[in-house]
Amino acid sequence: MVLDAKDVVIRFAGDSGDGMQLTGSLFADMSAIFGNTLSTFPDYPAEIRAPQGTVSGVSGFQVHIGSGQITTPGDFCDMLVAMNPAALKANAKWLKRTAMVLLDSDTFDQKGLERAGLGEDPISELHIEDRVIIAAPITTLTAESLKDSGLDRKSIAKCKNMFTLGMACYIYSRPMEYIFQYLEKKFGKKKPELIEPNKKVLKDGFNYAANIQAIPNTYTIEPAKQEKGLYRNINGNQATAWGLLAASEKSGLPLFCGSYPITPATGILEELAIHKNLGAKTFQAEDEIAGICTAIGASFAGNLAVTTTSGPGLSLKSEALGLAMITELPLVVVDVQRAGPSTGIPTKTEQTDLNQALYGRNGECPVVVMAAHSPADCFDAAFNAAKIAVEHMTPVILLTEGFLGNGSEPWKIPSMKDYPAINPPFARPNTPYKPFERDPETLVRKWAVPGMAGCEHRVGGLEKNHAGVLSSDPANHELMVAERTAKVQKVADYIPELKVDGPSSGKLLVVGWGGTYGHILSAVQEARAAGLDVSFAHFDYIMPLPKNTDQVFAGFEKVLVCELNSGQFANYLRGVLPKFAYAQANKVQGQPFLVQEIVTAIKDNM
């Protein structure tokens with residue numbers, strides 16, 4: 001029976017070598033091209049080369065596709081693809097009661113079960129007898145499909161993810177033409193002999209699913225009605241890189257990125273390195289300190305300067321970030337947050353770097369702090385971070401998260417004519433120049449780059465006066481500290497006001513920041529459908545806060561702050577706006593919120 005479904009959630013899981021990330025990505029990209037809305041959640045193992053077949057080595061990729069609004073990767077899945085017993089054990093808890101489970105039965109031997117810590121009857125042991133279980137000998141079927149391909153056994157084994165993908169395409173009525181195009185592009189130049197075998201095993205997986213009687217239903221998910229335009233599926237790290245490239249174009253400044261590779265931020269550096277034709281210069285430094293210091297040097301020389309990192313790297317960059325702040329040079333620091341402290345769980349997502357972004361420097365050292373709220377929003381967030389950094393001559397920390405950086409969603413490719421100009425506050429050659437003399441309205445100093453005649457000056461980590469002369473005068477130091485702080489606060493005059501989703505007054509306002517946006521929005525919509533009086537406001541700008549924040553909060557009896565940490569934003573709000581009543585919903589598990597967790601918190605605070 002073919003059923004129409006408004007949305008479905010599929011989770012692909014297996015060993016790191018089973019290709020589940022690629023399988024999920026292809027399924028998501030194919031669905032985006034088909035016209036579905038979607039949200040993805042890649043879930044990588046934290047251990048490098050974890051023992052094969054063990055729970056700690058399971059790699060997962062969840063994709064939520066639909067014909068209407070999709071704001072999260074979904075709490076629980078409609079189908080789980082488990083390539084071995086460990087993948088089943090790790091993910092059985094995410095199955096809906098009506099879920100379908102597709103297993104590679106070849107891996108469910110005694111050895112595989114023992115490695116996963118399961119007994120002889122894993123279905124009963126995991127209490128999933130009431131689900132639809134489809135046990136298919138995928139490894140054997142893949143080998144049979146490719147026995148005449150000329151490929152060696154190892155190469156054939158790597159193709160079983162394509163067989164699985166073919167089965168998923170049949171179950172969810174996905175067109176396979178996109179995957180054919182992907183295979184031709186990937187292998188066309190270097191390994192053309194792999195194109196036809198992969199196409200064949202994909203088709204054989206599709207036909208196998210079509211001919212067995214174990215699959216009770218197949219599903220269609222109609223394309224979504226979306227605003228006209230050109231769309232592509234994009235992850236947050238790609239979007240961040242492209243937003244920075246767009247800012248380079250709009251500012252007329254060459255883009256320089258000095259970074260040290262770190263999970264999960266490395267993808268930004270890699271993406272920028274591809275686009276040398278757009279004037280981007282990338283430097284893979286020997287460490288985090290060198291990365292930010294080269295970026296500061298590039299900023300001094302008149303570049304749009306960027307450095308990218310994650311939590312441990314931001315710690316190492318803190319001293320140099322203070323240098324960028326006291327020299328008042330534009331700099332964008334992108335922090336793709338992960339679970340800490342120290343190395344923590346490097347492949348898992350959290351929002352635990354907020355305190356570090358706000359306060360993690362010596363002395364009085366405020367910088368602008370922003371946060372992206374979805375993978376596609378990373379483009380606008382990066383563009384706006386660069387605009388603020390350049391026009392206000394200040395470092396800007398842009399917080400994203402592993403969930404955003406690796407996750408993806410459809411993105412309407414914008415036209416650059418719709419984006420504002422970025423106007424660097426350059427000094428004029430051969431005019432009287434004092435490096436820290438300020439615009440009376442914005443408190444921004446002029447930017448003089450090397451070679452600008454008549455604008456020779458000194459900058460550095462020691463305190464100076466407006467003329468750029470070293471000064472340890474107490475009154476001057478207090479004045480400069482106050483001016484730098486006021487300049488950052490002045491940014492509030494140039495950012496959007498806080499918007500409220502729902503009534504502007506009532507019993508409860510739910511607030512969040514960063515990647516919690518989609519989960520909170522879904523939870524608030526569900527709570528409203530149940531008759532609860534609740535509104536929602538999300539913060540993209542944290543330091544400074546939007547100017548109307550006080551006015552918005554005043555309309556509600558209580559403010560519920562939802563975040564993936566122990567309460568950092570809630571405590572920040574208590575310090576800045578202490579007169580309001582705050583409640584908290586927190587999660588520190590290296591995983592995004594479940595929508596139901598937020599719904600429960602809303603009900604508990606009504």
Side-chain angles (χ1 to χ4, degrees), residues 7-13 19-44 59-75 77 81 161 165 168 172 174 178-179 181-182 185-186 221 223-224 226 229-245 263-272 274 308 334 336-338 347-349 371-382 400-414 514-519 521-522 591-592:
D7 67 296
V8 294
V9 178
I10 304 102
R11 190 172 182 91
F12 300 90
M20 292 295 96
Q21 298 297 327
L22 175 61
T23 305
S25 296
L26 287 173
F27 192 91
D29 288 347
M30 174 174 48
S31 298
I33 290 172
F34 184 68
N36 294 126
T37 48
L38 64 89
S39 176
T40 72
F41 176 46
D43 193 9
Y44 302 96
S59 178
F61 189 103
Q62 186 158 303
V63 55
H64 186 186
I65 62 174
S67 57
Q69 184 186 44
I70 298 293
T71 61
T72 77
D75 285 3
C77 59
V81 175
N161 66 324
L165 183 57
Y172 290 104
R174 302 286 91 183
Y178 166 78
I179 304 172
Q181 294 172 10
Y182 167 82
K185 183 178 179 181
K186 180 177 177 62
I221 304 95
Q226 300 187 65
L230 181 62
Y231 288 80
R232 63 153 290 159
N233 192 32
I234 194 169
N235 68 43
N237 282 343
Q238 287 176 313
T240 299
W242 292 4
L244 295 169
L245 289 166
T263 301
T266 306
I268 303 172
L269 177 63
E270 293 173 335
E271 184 66 27
L272 288 175
I274 296 172
T308 58
V334 183
V336 188
Q337 298 167 97
R338 71 190 205 189
T347 61
K348 306 302 180 182
T349 194
H373 66 249
S374 74
D377 179 63
C378 287
F379 180 91
D380 285 346
T400 73
E401 304 149 39
F403 166 61
L404 300 182
N406 294 321
S408 66
E409 65 181 349
W411 173 61
K412 183 184 176 185
I413 299 175
T516 58
Y517 172 79
H519 299 82
L521 178 60
S522 294
Q591 297 288 322

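Below, each value reflects all heavy atoms present in this structure, side chains not excepted, and no hydrogens, waters or symmetry copies.
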Gly68 backbone acceptor or donor facing Thr37 side chain under 3.5 Å: yes
Quick check: does any side chain N or O of Glu271 sit under 3.5 Å from a backbone N or O of Trp242, one acting as donor and the other as acceptor? no
Minimum heavy-atom distance Gly66-Ala224, with the two atoms named: O-CB, 4.4 Å
State the CZ-CD1 distance between Phe379 and Ile234, to the nearest 0.5 angstrom. 8.0 Å
Set of side-chain hydrogen bond (donor to acceptor under 3.5 Å, both in side chains) partners for Asp75, sequence neighbours left out: none
Gap between atom OG of Ser67 and atom CD of Gln226 - 0.5 Å precision: 10.5 Å
Atom pair CG (Leu404) and OH (Tyr517), whose distance is rounded to the nearest 0.5 Å: 12.5 Å
Can you find a heavy atom in the side chain of Leu521 that is under 4.5 Å from one in the side chain of Gln69? yes
Please state whether the rings of Phe27 and Tyr172 are parallel, tilted or perpendicular, taking 30° and 60° as the class boundaries. perpendicular
According to side-chain hydrogen bond (donor to acceptor under 3.5 Å, both in side chains), who are the partners of Tyr44, at least two apart in sequence or on a separate chain? none
Test of understanding: with side-chain hydrogen bond (donor to acceptor under 3.5 Å, both in side chains), list the residues that count as partners of Gln337, not counting sequence neighbours. none
Atom pair OH (Tyr182) and OG (Ser25), whose distance is rounded to the nearest 0.5 Å: 8.5 Å
Residues at least two apart in sequence or cross-chain that pass salt bridge (Lys or Arg N to Asp or Glu O under 4.0 Å) with Asp43, listed by chain then number, are Arg11, Lys348
Only counting residues at least two apart or in another chain, list the ones meeting side-chain hydrogen bond (donor to acceptor under 3.5 Å, both in side chains) with Thr71. Ser522
Contact list for residues 403-413, test salt bridge (charged side-chain N to carboxylate O under 4.0 Å, His left out), sequence neighbours left out: Glu227-Lys412
Please find the pair of heavy atoms, one from His64 and one from Ile70, that lie closest to each other, and give the distance. NE2-CD1, 3.4 Å
Donor-acceptor pair, side chain of Gln62 and main chain of Gly74, under 3.5 angstrom: yes
Any sub-3.5 Å donor-acceptor pair from Glu401's side-chain atoms to Val336's backbone N or O? no
Minimal non-hydrogen separation, Gly402 against Thr349, with atom names: N-OG1, 3.4 Å
With distance as the sole test, does Asn36 use its side chain to make a donor-acceptor pair with the main-chain N or O of Leu38 at under 3.5 Å? no
side-chain contact (heavy atoms from CB on, under 4.5 Å), that's the test. Do Asn406 and Asn235 meet it? Break it down for me. CA-CA 6 Å; Asn406 294 321; Asn235 68 43; over 6 Å; no
Is there a side-chain contact between Phe12 and Ser59, using heavy atoms and a 4.5 Å cut-off? no
Does Phe41 form a side-chain contact (heavy atoms from CB on, under 4.5 Å) with Phe61? I'd like the steps, not just the answer. CA-CA 6 Å; Phe41 176 46; Phe61 189 103; over 6 Å; no
Under the criterion side-chain contact (heavy atoms from CB on, under 4.5 Å), I'd like the reasoning laid out for Arg338 against Thr263: C-alpha separation, chi angles, the key distance, then a yes or no. CA-CA 8 Å; Arg338 71 190 205 189; Thr263 301; 4.1 Å; yes
Rounded distance (nearest 0.5 Å) linking atom CD1 of Ile65 with atom OG1 of Thr40: 12.0 Å
CD of Glu270 to CG of Leu272: how many Å apart, nearest 0.5 Å? 10.5 Å
